[in-house]
Amino acid sequence: MITDARVLQPEFIPTEVKHRDAELNTLSAALNPITHGDNADSAFLFGPSGVGKTCLAKFLVEQLRESVVDLNYQYVNCWEDYSRFKTLYRILDGINHTFDVHRQSTPKDVLLERLREYDGSPYIVILDEVDQLEDKQLLYELYRIRGLTMILIANSEQDLFASLDNRLNSRFQVCTRARFNPYGNDALVAILRDRVRWGLKSDVVSPDELRLIADMAAGDARAAIGILRKAVQTANQAGYNEVSSEVIRGVVPEAKAEIEQRSLDKLTDHQRVLYDTILDYGEIAPSTLFEIYSEAVENPKTQRMVRNYLTKLEHYNLIISKGSTKGRTYHPYSP
DNA sequence: TCTCCACCGGAATGCTTGGATG
DNA sequence: CATCCAAGCATTCCGGTGGAGA
């Protein structure tokens with residue numbers, strides 16, 4: 001049934017991008033100076049999840065690499081590497097300048113110094129989910145690095161610019177911005193059809209079924225492909241030779257839950273105890289939380305470590321902390 | 001308003017691990 | 001297979017902060 005499972009993976013980048021001609025041209029024009037050896041301006045991509053922002057950025061960089069031989073490139077997901085250190089580290093990693101710096105305790109800004117010393121070939125950095133970056137000031141410093149071009153990706157244009165100070169705002173005001181709208185159903189069907197053609201035996205999924213998946217995904221290509229993948233897996237395991245609409249309807253909740261579940265799965269047992277405790281109480285003071293946690297687990301970690309865990313839980317949008325210092329309480333996240 | 005102290009989070013350092021390398 | 005090392009995990013120490021209560 002499956003001939004190439006890779007094309008059903010979320011991180012797969014197709015060799016051609018459809019239905020994003022306008023955005024492609026905008027971004028392409030912004031990066032064009034690089035092909036002439038000039039500096040390109042940074043560019044912004046905005047839009048909800050699953051509309052092809054990351055995909056388009058990666059695709060374009062790949063395309064650029066075909067004509068610019070010595071183009072360096074690095075992809076950084078600021079959701080995962082949200083600290084100043086980690087982001088900088090990744091960026092240096094892309095040009096192999098990371099030797100002998102591997103500790104967070106490396107003196108203040110050696111990493112930035114290293115990057116300033118860089119005077120090699122053009123360097124494109126994709127900063128995905130840039131709104132998650134703690135230290136937005138870093139963007140200003142990166143902006144001033146010669147030869148470095150940033151592609152910045154975020155969900156909401158307003159939210160991102162609201163979190164930047166005036167200096168950054170005026171700098172980035174002139175940058176190219178591309179706004180991505182959710183895919184229409186026809187576009188989603190076309191995207192799915194390609195994936196089916198590349199990765200599955202013919203006649204496994206009928207056009208009507210593709211349309212059904214597109215309906216369920218509501219403009220989100222990542223969700224659509226996720227549903228398709230789950231449906232194919234399920235049908236495969238059950239020994240069917242095609243994907244029926246019953247199977248599709250059956251896996252939709254599962255496929256949607258998978259995305260939400262992913263951050264919970266990343267938690268360790270200890271983090272899970274903290275999360276469950278906060279869920280139980282609804283509102284809890286730090287000292288109480290630590291007491292309960294210490295009772296609940298075999299070898300409790302130190303308070304300091306628990307604070308790290310809580311920061312992580314908050315970062316994943318699983319909990320919220322309210323108030324500061326003495327008045328602080330933790331709550332479950334409510335959207 | 002002043003003081004106290006619970007709590008936060010940065011820095012320095014050690015321990016563990018998994019993956020690259022010879 | 002043994003070795004090495006980058007990178008994550010954990011602990012200790014500590015200075016700063018702001019809410020609570022005198």
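Below, chains carry the letters A, B, ... as their sequence lines are ordered, and counting in each starts from 1. Everything quoted here is computed from the prediction, not taken from an experiment.
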(request) Would you give a per-nucleotide map of nucleotides 12-21 of chain C, 5' to 3', where B means the base has a protein non-hydrogen atom under 4.0 Å away, S means only the sugar-phosphate does, and - means neither? (result) BB---BBB--
(message) Any carboxylate oxygen within less than 4.0 angstrom of a Lys/Arg side-chain nitrogen, looking at A/R222 and A/D220?
(response) no
(request) Give me the one residue out of A/V76, A/L139, A/L152, A/D81 that meets side chain to side chain contact (heavy atoms under 4.5 Å, CB included) with A/L133. (result) A/L139
(request) Calculate the interatomic distance between A/N308 atom CG and B/dG9 atom C1'; express it in whole Å. (result) 8 Å
(message) Taking atom CZ as the centre, does A/R177 end up with more than 12 heavy-atom neighbours from other residues, nucleotides or ligands that are less than 6.0 angstrom away?
(response) yes
(request) Indicate, with yes or no, if the rings of A/F44 and A/F172 have centres closer together than 6.0 Å. (result) yes
(request) Rounded to the nearest angstrom, tell me the gap between atom CG in A/D269 and atom P in C/dC9. (result) 14 Å
(request) Compute both the distance and the angle, then confirm whether A/K58 meets the cation-pi test with A/Y75: under 6.0 Å from the six-membered ring centre, within 45 degrees of the axis. (result) yes
(message) Less than 3.5 Å apart, any donor N or O on the side chain of A/Y281 or A/H331 sitting next to an acceptor on the other?
(response) no
(request) Specify the separation, in whole Å, of atom NZ of A/K301 and atom P of C/dC9. (result) 11 Å
(request) Send over the distance from A/Q303 CD to C/dC9 P, rounded to a whole Å. (result) 20 Å
(request) Ignoring backbone atoms, establish whether A/Y309 has a side-chain N or O less than 4.0 Å from OP1 or OP2 of C/dC9. (result) no
(message) Is the phosphate of B/dA6 approached by A/R328 (side-chain N or O, under 4.0 Å from OP1 or OP2)?
(response) no
(message) For the residue pair A/T311 / A/E314, report whether a side-chain donor-acceptor contact shorter than 3.5 Å exists.
(response) no
(request) Write down the distance between NZ (A/K322) and P (B/dC7), rounded to a whole number of angstrom. (result) 18 Å
(message) Expressed as a whole number of angstroms, how long is the span from A/E291:CD to B/dA6:P?
(response) 13 Å
(request) Assess the side chains of A/T54 and A/D128: does a donor N or O sit below 3.5 Å from an acceptor N or O? (result) yes
(request) Using distance alone, with no hydrogens and no angle criterion, decide if A/D215 and A/N185 have a side-chain donor and acceptor under 3.5 Å apart. (result) yes
(request) Mind running a 4.0 Å heavy-atom check of residues 273-288 of chain A against DNA chain C and sending the residues that fall below it, in number order? (result) none
(message) Heavy atoms only, 4.0 Å cut-off, all strands: where does A/F290 land among base, sugar-phosphate and nothing?
(response) nothing
(message) Just the rounded figure in Å: distance from C1' of C/dC9 to CG of A/N299.
(response) 15 Å
(message) Without decimals, in angstroms, what is the distance between A/R90 CZ and C/dA6 C1'?
(response) 12 Å
